[in-house]
Asks: 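One structure, pasted below without further comment.
Fair warning: this is a prediction, and the values are worked out from it, not measured in the lab.
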Amino acid sequence: MRSNEPTVHDIHTAIHRIKGKLPLLAMVASKKIRVNRRPGRGSTSAPTPVNLTALDLLDQLRTLARMLARAAHLNPKPTTATAALYDLLDDERVCHTLADRCDTARIMRLLDQAYAHVQHLAEPDPAHRYVGVCPWCSYAVWIPEEHEGEWRCDMCRRPVPLDQVMAAHELRLLTSGVVGTAAELAMLLQSCGYRKARRKTICEWRRRGRLEPIADGEQGPVYTLASVLQLLR
């Protein structure tokens with residue numbers, strides 16, 4: 001191995017830190033909202049995905065884990081959970097196998113990018129935004145905020161038609177059925193690149209009669225994502 005290539009320790013550390021973030025990421029992606037509906041509508045509690053970016057990131061981490069498992073000559077079942085895949089990869093012998101490959105630099109780049117995306121979700125980076133998934137391999141696409149022109153997927157390296165990807169992602173948001181408080185929806189939309197989405201803005205729309213909540217939740221009024229997004233467009 002050349003001195004400038006990633007070491008076994010580098011790869012093992014990168015896998016282990018992603019593994020450590022999986023429980024928190026899963027909680028964000030499957031957050032439950034308990035809503036007390038307006039008079040006459042009853043009450044309900046249901047698992048409502050309030051962060052589609054987190055769901056897509058979990059899919060990205062699963063795709064990466066399966067690619068690494070194949071590279072390490074492991075043969076997990078197709079139904080193996082993402083956390084179990086990272087348990088398999090978080091092993092010194094497996095990391096030795098990965099470090100002995102000729103594409104360790106690419107492996108390390110993908111691991112570093114994936115961890116950076118997890119960090120961006122926890123602490124949004126105004127310099128980057130999530131725009132959707134690659135139409136070729138379904139890997140998550142994150143681009144610099146001011147990016148213009150062509151883009152290539154981090155995983156498959158094929159050209160990504162950004163206009164189509166962003167349009168498809170917006171349609172997915174509109175039809176997702178997601179609901180949440182002003183703060184939750186603002187956070188979700190900001191993670192999807194809608195920088196103008198603010199809790200105060202959503203509350204102001206309600207005050208002006210432009211937006212109606214569908215229910216009263218434990219944390220405040222609950223709105224549909226589609227209604228907020230339509231006002232942002």
Asks: How close do Arg62 and Pro78 get, counting heavy atoms only, and between which atoms?
Replies: NH2-O, 2.7 Å

Asks: Using the salt bridge (charged side-chain N to carboxylate O under 4.0 Å, His left out) definition, which of the options Arg208, Lys200, Arg206 pairs with Glu204?
Replies: Arg208

Asks: Salt bridge or not between Arg109 and Asp103? Use side-chain N to carboxylate O under 4.0 Å.
Replies: no

Asks: In chain order, what residues pass the ring-ring contact (aromatic ring centres under 6.0 Å, His included) check against Trp151, with sequence neighbours excluded?
Replies: His147

Asks: What about Met166 and Leu171, same hydrophobic cluster or not, with Ile/Leu/Val/Met/Phe/Trp/Tyr joined at side-chain heavy-atom distances under 4.5 Å?
Replies: no

Asks: Is there a path from Val133 to Leu225 through hydrophobic residues (I, L, V, M, F, W, Y) whose side chains come within less than 4.5 Å of each other?
Replies: no

Asks: Which distance, rounded to the nearest 0.5 Å, do you find between the CG of Leu61 and the NZ of Lys19?
Replies: 14.0 Å

Asks: Would Leu173 and Val178 count as a side chain to side chain contact (heavy atoms under 4.5 Å, CB included) here? Give the steps.
Replies: CA-CA 8 Å; Leu173 291 172; Val178 168; over 6 Å; no

Asks: In the single-linkage hydrophobic clustering (I, L, V, M, F, W, Y; side-chain heavy atoms under 4.5 Å), do Val118 and Ile11 co-cluster?
Replies: yes

Asks: So which heavy atom on Leu89 is nearest to which on Cys95, and how close?
Replies: O-SG, 3.6 Å

Asks: Rounded to the nearest 0.5 Å, what separates atom SG in Cys134 from atom CD in Gln60?
Replies: 11.0 Å

Asks: Looking at every heavy atom in both Thr181 and Gly220, which two are closest together, and how far apart are they?
Replies: CG2-O, 4.2 Å

Asks: With rounding to the nearest 0.5 Å, note down the distance linking CG in Leu85 to CG in Leu22.
Replies: 9.5 Å

Asks: Counting only heavy atoms from other residues, nucleotides and ligands, does the tally under 6.0 Å from CZ of Arg199 exceed 12?
Replies: no

Asks: For Tyr130 and His169, take the angle between the two ring planes, folded into 0 to 90°, and tell me which bin it lands in: parallel under 30, tilted 30 to 60, perpendicular over 60.
Replies: perpendicular

Asks: Any side-chain heavy atom of Val94 within less than 4.5 Å of one from Ile15?
Replies: no

Asks: Not counting sequence neighbours, which residues clear side-chain hydrogen bond (donor to acceptor under 3.5 Å, both in side chains) with Tyr115? List them please.
Replies: none

Asks: How about Leu88 and Pro76: do any of their side-chain heavy atoms sit closer than 4.5 Å?
Replies: yes

Asks: Is the backbone N or O of Thr7 less than 3.5 Å from a side-chain atom of Asp10, with the two atoms forming a donor-acceptor pair by type?
Replies: yes

Asks: Looking only at heavy atoms, which two atoms of Gly149 and Leu162 are closest? And how far apart?
Replies: O-CD1, 3.8 Å

Asks: Donor-acceptor check, side chain of Thr201 to backbone of Ala197, threshold 3.5 angstrom: yes or no?
Replies: no

Asks: Does one hydrophobic cluster hold both Leu110 and Tyr86, with members joined at side-chain heavy-atom distances below 4.5 Å?
Replies: yes

Asks: Closest heavy-atom contact between Asp100 and Thr104?
Replies: N-CG2, 4.4 Å

Asks: Nearest 0.5 angstrom please: His12 NE2 to Asp90 CG, how far?
Replies: 4.0 Å

Asks: Nearest heavy-atom pair of Val160 and Val141: which atoms, and what distance?
Replies: CG1-CG2, 4.4 Å

Asks: According to a 4.5 Å side-chain heavy-atom criterion applied to Ile, Leu, Val, Met, Phe, Trp and Tyr, with indirect links allowed, do Met108 and Trp142 form part of one hydrophobic cluster?
Replies: no

Asks: Does the side chain to side chain contact (heavy atoms under 4.5 Å, CB included) test come out yes or no for Gln119 and Lys21, once each step is laid out?
Replies: CA-CA 9 Å; Gln119 292 294 89; Lys21 294 291 186 180; 3.6 Å; yes

Asks: For the CG atom of Leu111 and the NE2 atom of His16, what is their distance to the nearest 0.5 Å?
Replies: 13.5 Å

Asks: Is the backbone of Lys77 close enough, under 3.5 Å, to the side chain of Thr80 for a donor and an acceptor to pair up by distance?
Replies: yes

Asks: For a side chain to side chain contact (heavy atoms under 4.5 Å, CB included) check, start with the C-alpha distance between Tyr194 and Leu229, then their side-chain angles and the critical distance, and finish with the verdict.
Replies: CA-CA 9 Å; Tyr194 294 88; Leu229 184 55; 3.5 Å; yes

Asks: Got a second to check how far Thr82's OG1 is from Ile18's CD1, nearest 0.5 Å?
Replies: 11.5 Å

Asks: Are side-chain heavy atoms of Val179 and Glu184 found at a separation under 4.5 Å?
Replies: no

Asks: Would Arg101 and Arg106 count as a side chain to side chain contact (heavy atoms under 4.5 Å, CB included) if you check the C-alpha gap in whole Å, the side-chain angles of each, and the deciding distance to 0.1 Å?
Replies: CA-CA 10 Å; Arg101 290 175 57 91; Arg106 176 175 180 265; over 6 Å; no

